[in-house]
Amino acid sequence: MNYYVMTLFPEMIEDGMNTSITGRAIARELIHLEAVNIRDYTTEKHGKVDDYPYGGGAGMVMQAQPVYDCYKAIEEKMNSKPRVIYLTPQGSTFAQPMAKELAQEENLVFLCGHYEGIDERVLEEIVTDYVSIGDYVLTGGELPAMVMMDAISRLVPGVLNNDMSAETESFSGNLLEHPQYSRPEIWNDKAVPKILLSGDHKKVDEYRRQESIRRTYERRPDLFEKAVESGEITEKEKKVFE
Ligand code: 6GU
């Protein structure tokens, strides 16, 4: 997986991504990351990349020229046109199915805007996907790009230790993950559920499934309904909660 991030704050991307699991994946060359500074591509002699909006209004607009030339420099390294994801609160909302789809790509380009936005004409020319990470407004696209790269990276083969965990965890389906316990057996007068100490793997699996269903019902009733509709939860399992 090769990520190219077009940004005015490349160090923010590098510092964020070179940490923890994604950092290890980069060190092991399972993931390649280039944070490309859009400012390096401006032809303006003082390094300016923004200007006032035509028609007036608050704030500044990132100009088309440096964004386009930055994109062209990235595209030149590839055999085919990559998907170019523009991070914007006006995009479709990122969720696990989109992460799965994007994890199949060889190259992904992320375009991070700042100020009041980017000149529409260059967006029309290069962007293939408009993506938001949720209904709130952030100051720029860098954190959303990192959120997406984190979610996608853990689906790249070899990035997680345990190949089970990418599929099993919360959200691959509509059920939330069951609670987890570790040592000691009693902490703050609270005991670990007895069944987990029994060594009976069938009973443990049944218990965990029950707890997954309960947790989904209590915390995410919207997902619980989806899980019933998709058949992930049976009518019999649903009855327990009525
Ligand atoms: Cl992708 N960008 C910005 N600036 N704010 C956001 C967002 C993206 N997603 C949610 N809020």
Side-chain angles (χ1 to χ4, degrees), residues 1-22 26 31 33-42 48-68 70-71 74-75 81-105 107-156 170-171 219-220 222-223:
M1 171 61 76
N2 304 303
Y3 297 129
Y4 298 86
V5 184
M6 302 167 61
T7 172
L8 291 174
F9 302 95
E11 66 295 337
M12 182 175 173
I13 298 292
E14 275 156 11
D15 292 350
M17 292 296 290
N18 284 322
T19 302
S20 187
I21 310 253
T22 51
I26 291 165
I31 285 168
L33 170 68
E34 289 182 40
V36 186
N37 196 338
I38 295 168
R39 198 177 301 281
D40 291 346
Y41 291 87
T42 184
K48 213 162 66 77
V49 294
D50 62 344
D51 208 333
Y52 298 99
Y54 277 118
M60 302 292 271
V61 174
M62 276 171 75
Q63 291 166 285
Q65 178 275 318
V67 173
Y68 189 67
C70 180
Y71 167 73
I74 292 167
E75 193 205 64
K81 281 198 191 299
R83 282 175 82 165
V84 179
I85 297 159
Y86 178 45
L87 289 313
T88 167
Q90 299 170 15
S92 6
T93 309
F94 184 58
Q96 198 64 20
M98 198 194 297
K100 277 192 179 176
E101 184 198 319
L102 294 174
Q104 310 308 310
E105 299 284 330
N107 300 301
L108 288 173
V109 178
F110 295 92
L111 171 57
C112 303
H114 258 268
Y115 315 116
E116 293 309 305
I118 301 182
D119 190 307
E120 189 69 18
R121 294 167 296 181
V122 70
L123 299 178
E124 288 173 1
E125 208 61 42
I126 70 174
V127 173
T128 60
D129 301 81
Y130 293 80
V131 180
S132 164
I133 61 163
D135 290 340
Y136 39 82
V137 182
L138 301 170
T139 57
E142 284 76 13
L143 286 169
M146 287 194 273
V147 165
M148 290 185 68
M149 288 189 284
D150 189 291
I152 294 163
S153 296
R154 61 186 290 295
L155 302 175
V156 170
S170 309
F171 263 112
R219 298 187 184 179
R220 292 294 305 272
D222 56 323
L223 292 182

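Just so we're clear, the structure is a prediction, and the values are computed from it rather than from any experiment. Numbers for residues simply follow the sequence, beginning at 1. Side chains are part of it too, since the values below use all heavy atoms of this structure and drop only hydrogens, waters and symmetry mates. Counting starts at 1 for both ligands and their atoms, in listed order.
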Check ligand 1 for close polar pairs with the protein: N or O on both sides, less than 3.5 Å.
from, atom 1, to, atom 2, distance (Å)
ligand 1, 4 (N), Leu138, O, 3.2
ligand 1, 5 (N), Leu138, N, 3.1
ligand 1, 9 (N), Ser132, OG, 3.3
ligand 1, 9 (N), Ile133, N, 3.0
ligand 1, 11 (N), Tyr136, O, 2.5

Tell me which donor-acceptor pairs under 3.5 Å the side chains of residues 82-89 have, and how far apart each pair is, sequence neighbours excluded?
from, atom 1, to, atom 2, distance (Å)
Arg83, NE, Asp129, OD1, 3.2
Arg83, NH1, Glu101, OE2, 2.7
Arg83, NH1, Glu105, OE2, 3.4
Arg83, NH2, Glu101, OE2, 3.0
Arg83, NH2, Asp129, OD2, 2.8
Thr88, OG1, Gln90, N, 3.0

Would you call Ile21 and Ser153 a side-chain contact if the rule is heavy atoms closer than 4.5 Å?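 Not in contact.
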Could you check whether any side-chain heavy atom of Tyr71 comes within less than 4.5 Å of a side-chain heavy atom of Leu111, counting everything from C-beta outward?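 No. Closest side-chain heavy atoms not under 4.5 Å.
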Atom CG of Asp135 with >12 non-hydrogen neighbours under 6.0 angstrom: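 No - once you tally the heavy atoms of other residues, nucleotides and ligands closer than 6.0 Å, there are 12 at most.
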Using modelled atom types and a 3.5 Å cut-off, is there a donor and acceptor pairing between side-chain atoms of Thr22 and backbone atoms of Met17? yes
Backbone of Ile38 reached by a side-chain donor or acceptor of Thr42 within 3.5 Å: no
